[in-house]
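Right, one structure below, let's go through it.
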Protein chains: 2
Amino acid sequence: MSLAPTPESTKHPDALRVATVNVNGIRAAYRRGMQEWLAARDVDILCLQEVRAPDEIVRDLLGDSWHIVHAEAAAKGRAGVAIASRTAPIATREHIGDAYFATAGRWVEADFEFDGAKVTVASAYVHSGEAGSPQQEDKYRFLDLMTARLTDLRGTRDHALVVGDLNVGHTTLDIRNWKGNLKKAGFLPEERAYFDHFFSESVGWVDVHRTLAGEMDGPYTWWSWRGKAYDNDAGWRIDYHLATPELAASALHAVVDRAHSWEARFSDHAPLVVDYKL
Amino acid sequence: MSLAPTPESTKHPDALRVATVNVNGIRAAYRRGMQEWLAARDVDILCLQEVRAPDEIVRDLLGDSWHIVHAEAAAKGRAGVAIASRTAPIATREHIGDAYFATAGRWVEADFEFDGAKVTVASAYVHSGEAGSPQQEDKYRFLDLMTARLTDLRGTRDHALVVGDLNVGHTTLDIRNWKGNLKKAGFLPEERAYFDHFFSESVGWVDVHRTLAGEMDGPYTWWSWRGKAYDNDAGWRIDYHLATPELAASALHAVVDRAHSWEARFSDHAPLVVDYKL
DNA sequence: CCTTTAACG
DNA sequence: CGTTTAAGG
């Protein structure tokens, strides 16, 4: 299997290519062909969510060519986020918040220096959080912490990038069947308000993918495994690149690496790949 | 897929063909081709162990052509024994012993009448019982109950047949690597002593398969999934037809339906099929 | 509908 | 090495 060349797969020589993908179990993703996808894309920084595997297995699968920082969840086989990079980070941090989320496997950060510019990258996995469940409460607690962290990063870094599965669709453009999901976790008004706030002047982050894609439906990044959701593109845009304004302005293009006929769908999420020219 | 004709598959017109098979999950067995095996064998009474499925699913899979008595385990997805017959039983009983084993899904009996002769058939699934574990204690308790039941059946029935996965190899002929298993559950002296007792004059049952096969190694009925145990025939004879003497004497032949190149292995156990000419 | 673990075998 | 279920998604 190989990936056909696409305009987006031709990377500008100076560009930094950052991919985020919820792999829904990295072992299953590799069984389904993730390695072929990765080999065909010249990714510099790979942000993973729902790794769901012990650290040793993650390193075995990705191989020696990556520097890896991996925040495992205390619960075996659950959550887990990682940042794999071709160059070594100068610092890493494995969670946000207090002890409650210390071993949640939902947040990891790495600081890089590229040609003198400092860039902080975070891989985030927000709770799915069924409405009314205890997990929904955790989701709000986590989004509160994330708000604080975004504010802090915005104030203290040259450039910062928070990518990952944020498990919320921001606007009606972001969910195919938005009318049917107004009371469902992932499109609740209270959840969406967090994103309004992220992109407000006071917090000041940019939704890179939406900015590049413009006011179109989607492009979606997640489709249920059930039925024909994928074939019908009945998806949700819940995976994001959030960037500080200057970094966001440097984004050349964004691509959702939706599987085509000649390649495999290796997760229920598709990779979201953005090239930045710092 | 079809079964090549074998001498044993040609059933005498008056014979009663009784098969026992530990299916290790009837859903998985059907996925792996059990139905093709069953369609090719003209079985009259099919005794199953480790059914591991809800009653409704068992009836769906086997279809309408069978009368089924199914003793489910209280623990979902565990154990479960059944007797499927082409003719209706005149009575059924779904356990032995007191409340402790009432919902164990390890014993089921059916009484049949064939041309005026009464025959009781039981499908039994004795605990695997790792040595030293609490399950080993349960195994001995169950073997005690089975001893009592065998004694009772012997005294009260014209003909009785107890088949199933008894999870004990009786003699050194019954396990390929018997030397390496002298301290392993399934070949412990204390377990084997039960079988000496079953076949003693005082209890008076007959090991039909051994009687017909003679003093040979095997024929084995179970092989670990691991490694090349199956290819190397490194098996255990732990599935049995135990019969009362007159019924045992009527046995025409016994066959272990080991999968051949042209058919699938649908369980870690192979069916043991015996024809009786009452 | 899929991925893990867990217990059991 | 394979079967289930269970929780999580």
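Protein chains get the first letters and strands the later ones, always in sequence-line order, with residue 1 at the start of each.
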### Message
Looking only at the side chain of Trp225(B) (C-beta and beyond, no hydrogens), which of the listed nucleotides dG9(D), dT4(D), dC1(D) gets closest?
### Response
dC1(D)
### Message
Looking at Arg52(A) and dT3(C), is any side-chain donor or acceptor paired with a base atom of the opposite kind under 3.5 Å?
### Response
yes
### Query
Reckon Tyr125(B) touches a base, only the sugar-phosphate, or nothing at all at heavy-atom distances under 4.0 Å?
sugar-phosphate
### Message
Taking the six-membered ring for Trp, are Phe266(B) and Trp37(B) closer than 6.0 Å centroid to centroid?
### Response
yes
### Query
Given dT3(D), dC2(C), dG8(D), which nucleotide is nearest the side-chain atoms of Arg78(A)?
dG8(D)
### Message
Using a heavy-atom cut-off of 4.0 Å across all strands, would you classify Ser224(A) as base, sugar-phosphate, or nothing?
### Response
nothing
### Task
Would you indicate which nucleotide in dC8(C), dC1(C), dT5(D) comes nearest to any side-chain atom of Gln135(B)?
dC8(C)
### Query
If you find the nucleotide of DNA chain C closest to Ser128(B) and the one closest to Ile26(A), which residue's nucleotide is nearer the 5' end?
Ile26(A)
## Note on the structure
Rounded to whole Å, NE2 of His127(B) lies from C1' of dA7(C) at a distance of 14 Å
### Query
Think Arg106(B) has a side-chain N or O under 4.0 angstrom from the OP1 or OP2 of dG9(C)?
yes
### Message
Taking the minimum atom-to-atom distance to the side chain of Arg32(B), which one of dC2(C), dG2(D), dG9(C) wins?
### Response
dG2(D)
### Query
In what stems does DNA chain C take part, counting only runs of at least 3 consecutive Watson-Crick or G-U pairs whose two distances fall under 3.5 Å?
C:1-4 with D:6-9, C:6-9 with D:1-4
### Task
Let me know the distance between CD of Gln136(A) and C1' of dG9(D), rounded to the nearest Å.
14 Å
### Query
Strictly by modelled atom types, are Asp138(A) and His127(A) linked by a side-chain donor-acceptor pair under 3.5 Å?
no
### Task
Take atom CD of Glu94(A) as the centre, draw a 6.0 Å sphere, and report whether it contains more than 12 heavy atoms from other residues, nucleotides or ligands.
yes
### Heavy-atom donor-acceptor pair, Arg52(A) side chain to Ala79(A) backbone, under 3.5 Å
no
### Task
Give a yes or no on whether a salt bridge exists between Arg258(A) and Asp233(A), defined as a side-chain N under 4.0 angstrom from a carboxylate O.
yes
### Message
Both Gly25(B) and Lys76(B) contact DNA chain D. Which one's nearest nucleotide lies toward the 5' end?
### Response
Gly25(B)
### Query
Just by distance, do the side chain of Asp257(A) and the backbone of Pro271(A) share a donor-acceptor pair under 3.5 Å?
no
### Query
Is Tyr240(A) reaching over with its side chain to a backbone N or O of Val168(A), donor-acceptor style, under 3.5 angstrom?
yes
### Query
Whole-Å distance between dT3(D) C1' and Arg226(B) CZ?
13 Å
#### Entry: Touch class at under 4.0 angstrom, heavy-atom based, for Arg265(B) against every strand present
nothing
